[in-house]
Every structure is written in structure tokens, then in C-alpha cells.
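First up is the structure itself, then whatever we jot down about it.
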Amino acid sequence: LKSPSGIFYVHLSNEGRLYRYLPGSNSWTEVSLPFNNYKVDGIDIDPQGRIWVSTDESYNVVHCSSDGGQTFQQITNSGQMLGWFDVLATYNDEHNLLAAGYGASQKVYHFTKTGAVQEVLSGSSLRYLGYNPGTGTAFYADYDGFKLSTDGGLTWQNITLVSGQSLQPNVSKMFFE
């Protein structure tokens, strides 16, 4: 992950550790994650440079750091977002998304920095979830199709990628300049 200030972060998911690379010193430093024995499932950096972390405290609990990982504020409570973590996508105080597997289906939750949570989508296995950092437009892809949200992830519309083609391509990654 790369922050807007140019600092790189690496999340070692199998160890639950986060490292920060400082180009000036050409060194890696571990960011101390204060989540006791809870596993860090997901991590993202929003366009403002804040680090967002999802932990497995009774499903998914989200924490946010605005000081490069020195301190974290708990944003959501245990049990607000049911399912097992898949993807965390963050944009700003008002619009953030977390996708969680729930049985054979997928649930996507919209949450704010004040901790308000609502389920906004359910579908098949997730292929992609993210924001265009320049516009805040959210994108979702699963094996059944591709969706777009222009209101930060609250409402979604189906998108046809290739017109005139009944079988649409699967989207697994998107890049923005």
C-alpha cells in the first residue's frame, strides 16, 4: 500500500504485521498494532493518508489511525458487520466499504467514521471492491456482474462492460491515475 505522502506499507497477513518503508532512510519499521490477540484481516489507506484496519474481533471491527499507525481509534463495534472478512475499501469519513463472506454469499457493508453501518449489497463471491480515489466512485464486481456507485457505496447500479455481449468479462482489479 502507498499513502498519498509516498510512504509505503506492507501487510504480512499470515503474521498480522504491518511494516512502513521510509525512503529517506531506506529502511523498514514495524508499526505496532494494538489489537491484542486479534488477527488483522484487512488494511487500506484512504486518500487522506489514514490507515484503516479490520480485525477479527467477533467478526469484523474497524479501526482508524490518522497519525501513521501511532494510535488507532475503534470505529465499528463487534457484530455490526457479520461474516468473515474479504476486502476493506476506504475513501473518507462518510464513505467506506467492507465485504464479508456470509455462508455461500457475500455481504457488503457501508460504514462511516462515526460507526454508522448498513448492509448495501449481497451477492456471490467477490472479485473486486474499491474506490476511485479521485472521485469517490465505488466499484463492485462478483462472478455475477459489475456494479458502480456514485454516492460512495450507498446505492448501486449494474454496469454492462461490453455492450451486445451476454457473457460479461470478470473484473478482478482496477487501477486509477
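Keep in mind it's a predicted model, so treat the numbers as computed, not measured. Every heavy atom of this structure was used, including side-chain atoms; hydrogens, water molecules and symmetry mates were not. We count residues from 1, following the sequence as given.
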Is a side-chain donor-acceptor pair under 3.5 Å present for Asp44 with Thr90?
-> yes

For the residue pair Tyr128 and Asp142, confirm or rule out a side-chain donor-acceptor distance under 3.5 Å.
-> no

What is the minimum heavy-atom distance between [X] and [Y], and which atoms define it?
X	Y	value
Ala138	Gly152	CB-C, 4.4 Å
Ser32	Phe72	O-CE1, 4.3 Å
Leu129	Leu98	CD2-C, 4.3 Å
Thr135	Tyr91	C-OH, 3.7 Å
Gly130	Ala89	CA-CB, 3.8 Å
Thr55	His63	OG1-NE2, 3.5 Å

Counting C-beta onward and ignoring hydrogens, is there a side-chain heavy-atom pair between [X] and [Y] closer than 4.5 Å?
X	Y	answer
Val62	Gln80	no
Tyr19	Leu12	yes
Thr76	Tyr109	no

Chi angles and distances behind the side-chain contact (heavy atoms from CB on, under 4.5 Å) call for Val10, Tyr21 | CA-CA 8 Å; Val10 173; Tyr21 177 72; over 6 Å; no

Derivation of the side-chain contact (heavy atoms from CB on, under 4.5 Å) call for Thr160 and Gln165 | CA-CA 9 Å; Thr160 301; Gln165 185 174 320; over 6 Å; no

For the backbone of [Y] and the side chain of [X], can you confirm whether one donor and one acceptor N or O come within less than 3.5 Å of each other?
X	Y	value
Ser122	Gln106	no
Arg20	Gly69	no
His110	Glu94	yes
Gln73	Ser66	no

Residue of the set Asp46, Leu97, Asn92 for which side chain to side chain contact (heavy atoms under 4.5 Å, CB included) holds with Tyr131 = Leu97

Is there a side-chain contact (heavy atoms from CB on, under 4.5 Å) between Gln118 and Leu154 once you walk through the steps?
-> CA-CA 9 Å; Gln118 71 183 67; Leu154 292 169; 3.9 Å; yes

Evaluate the ring planes of Trp156 and Tyr140, with Trp represented by its six-membered ring, and classify them as parallel (under 30°), tilted (30 to 60°) or perpendicular (over 60°).
-> perpendicular

Any chance you could measure [X], atom [atom1], to [Y], atom [atom2], to the nearest 0.5 Å?
X	Y	atom1	atom2	answer
Tyr9	Ile51	OH	CD1	4.0 Å
Gln157	Phe146	CD	CZ	10.5 Å
Ser54	Asn96	OG	CG	12.0 Å
Leu22	Ile7	CG	CD1	6.0 Å

Is there a path from Tyr143 to Leu126 through hydrophobic residues (I, L, V, M, F, W, Y) whose side chains come within less than 4.5 Å of each other?
-> no

